[in-house]
Amino acid sequence: MTTPSSGQNASHLNTTSTYELRCRECGKAWGNQPRSICEDCFSPLEVNFDYESIRPLISRDLFASRAPNMWRYRELLPLPAGFEPTLPVGFTPLLHAPRLGARIGSRKLLLKNDAVCLPTLSFKDRVVAVALANARSFGFDTVACSSTGNLANSVAAQAARAGLKAWIFIPSDLEPAKILGTQVFGAELVRINGSYDHVNRLCSQIADEHRWGFVNVNLRPYYAEGSKTVGYEIAEQLGWTLPDNVVVPMAGGSLITKIKKAFDELILLGLVDPKAVRFFGAQAAGCSPISTAVKQCASEIEPQRPNTIARSLAIGNPADGHYAIRAIAQSGGWSEDGSDAEVINHIQLLAETEGIFTETAGGVTVGCARKLIAQDRILPDETTVLCITGNGLKTTDVLSDKYQAEVPIAPKLVEFEAYFSAKAANAPAALEEVAVAG
Ligand SMILES: *Cc1c(COP(=O)(O)O)cnc(C)c1O
Ligand SMILES: [Zn+2]
């Protein structure tokens, strides 16, 4: 098998591939091509795998024998024949979080830390890696995306590495670090006066006019499968078992459905014992179309106009909202949302208890997990994984009024001792400890 180098050759994949696009509603097969919507019924397409042909090719030992990155699960990803990855994306730490757990009421709390995902410090590196592998084989020389920030960073970086041109479309009010962290890779950055939903609608129109690989428009079915690697890694890192609960931040609603797909696949393939995992969604109160629908027991979302500091999650009309609601409801899970103040408090709580600096989406996740535990929807002795999906260094602007820069002192011991005494005098907690010790 060779790597198809042009769009015309792509149909060649249909006969050799273990996967192809299938309509989620009418079931029609569409082969492998840059397309995300069924022309017959206008429903979304999804990559469908031939698990019977994959089953004999894989095992726990095979995966474990490979390098620690997301490509170790390559048989379960839609990758064109001959694709050779050059970036070790994924396989981020799954950490026990006893100190955070003690504060929010869980004795078996784990953090899946995609704040340190490479190359651009969010879980979006996983989806972009799969999308760009396919962009190449479909013959695109330019990739593009609409983004709430992290996708922009990842497409720009990975396009640079792959030698592809990149056009990135963002709402104009994104965090400065996410804008700079896109421009530095030499991408064309288009700021749009409007919300993400406006940007996304524009991108659908541009995709009809330009032969570009839009990672979250015409390549979206392939892109989405990259999120499954979060689920595979959690299972492998738990010794090939599944947790009781997973808490996932939601923007378009794709990640939560794909972690569920990953667990379902592992059960189907006999790689883990069957287990009913509950899925919990997390959103910001200022943009909560999915969690609002879950709380109202509705099966469809009501679009919202986003107004939140959690800009990476600020999608008012989520493409996978319906499927996210279904995944949550069918699993017996629930969804919560948190105010901007709660988001900031929980960024600080995670940092102070576990040494992880997450972006606003992580503050949403930790804050919502705390509420779900307080509601007894998540019990203290259940194994609960929180998905920390992005890095705090990209959203430092939201903390700018929380910390003051200290007045500098001279490099003299006497100056430090004076500073130290003044600090101690101003720190009530420290004084109390001294009193008890005395
Ligand atoms: C995009 C994003 C999400 C949510 O992803 P969806 O698949 O669109 O629901 C979560 N966290 C961060 C940091 C993101 O950038
Ligand atoms: Zn259809």
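Whatever order the structure lists them in is the order used to number ligands and atoms, beginning at 1.
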Would you say [X] and ligand 1 have an N/O pair spaced under 3.5 Å apart?
X: Gly252; value: yes
X: Ser312; value: no
X: Gly390; value: no
X: Ala251; value: yes
X: Leu255; value: yes
X: Lys124; value: yes

field: Cationic N near anionic O, under 4.0 Å, Glu46 to Lys258
entry: yes

Below 4.0 angstrom from a heavy atom of [X], which ligand 1 atoms are there? Numbered from 1 as shown, please.
X: Ala361; result: 11 (N), 13 (C)
X: Glu359; result: 13 (C)
X: Asn150; result: 13 (C), 14 (C), 15 (O)
X: Ser254; result: 6 (P), 7 (O), 9 (O)
X: Gly253; result: 6 (P), 8 (O), 9 (O)
X: Thr389; result: 10 (C), 11 (N), 12 (C), 13 (C)
X: Met250; result: 9 (O)

With a cut-off of under 6.0 Å to the ring centre and 45° to the axis, is [X] in cation-pi contact with [Y]?
X: Arg72; Y: Phe91; answer: yes
X: Arg136; Y: Phe83; answer: no
X: Lys165; Y: Trp167; answer: no

Between [X] and [Y], does any side-chain donor sit less than 3.5 Å from a side-chain acceptor?
X: Asn153; Y: Thr120; result: no
X: Thr360; Y: Arg311; result: no
X: Tyr19; Y: Glu225; result: no
X: Glu336; Y: Ser291; result: no
X: Arg126; Y: Thr229; result: yes
X: Asn216; Y: Ser146; result: yes
X: Thr92; Y: Asp114; result: yes

message: Does only the side chain of Leu313 get under 4.0 Å from ligand 1, or the backbone, or both, or neither? Count heavy atoms.
response: side chain

message: Suppose the cut-off is 2.8 Å; which protein N/O/S atoms would you list for the Zn ion (ligand 2)?
response: Cys23 SG, Cys26 SG, Cys38 SG, Cys41 SG

- line: atom 3 (C) of ligand 1: closest protein heavy atom, distance to 0.1 Å, is Phe123 CE2, 3.4 Å

Side chain Thr257, main chain Ala324, donor-acceptor under 3.5 Å: no

message: In this structure, is the centre-to-centre distance between the rings of Phe138 and Tyr222 below 6.0 Å?
response: yes

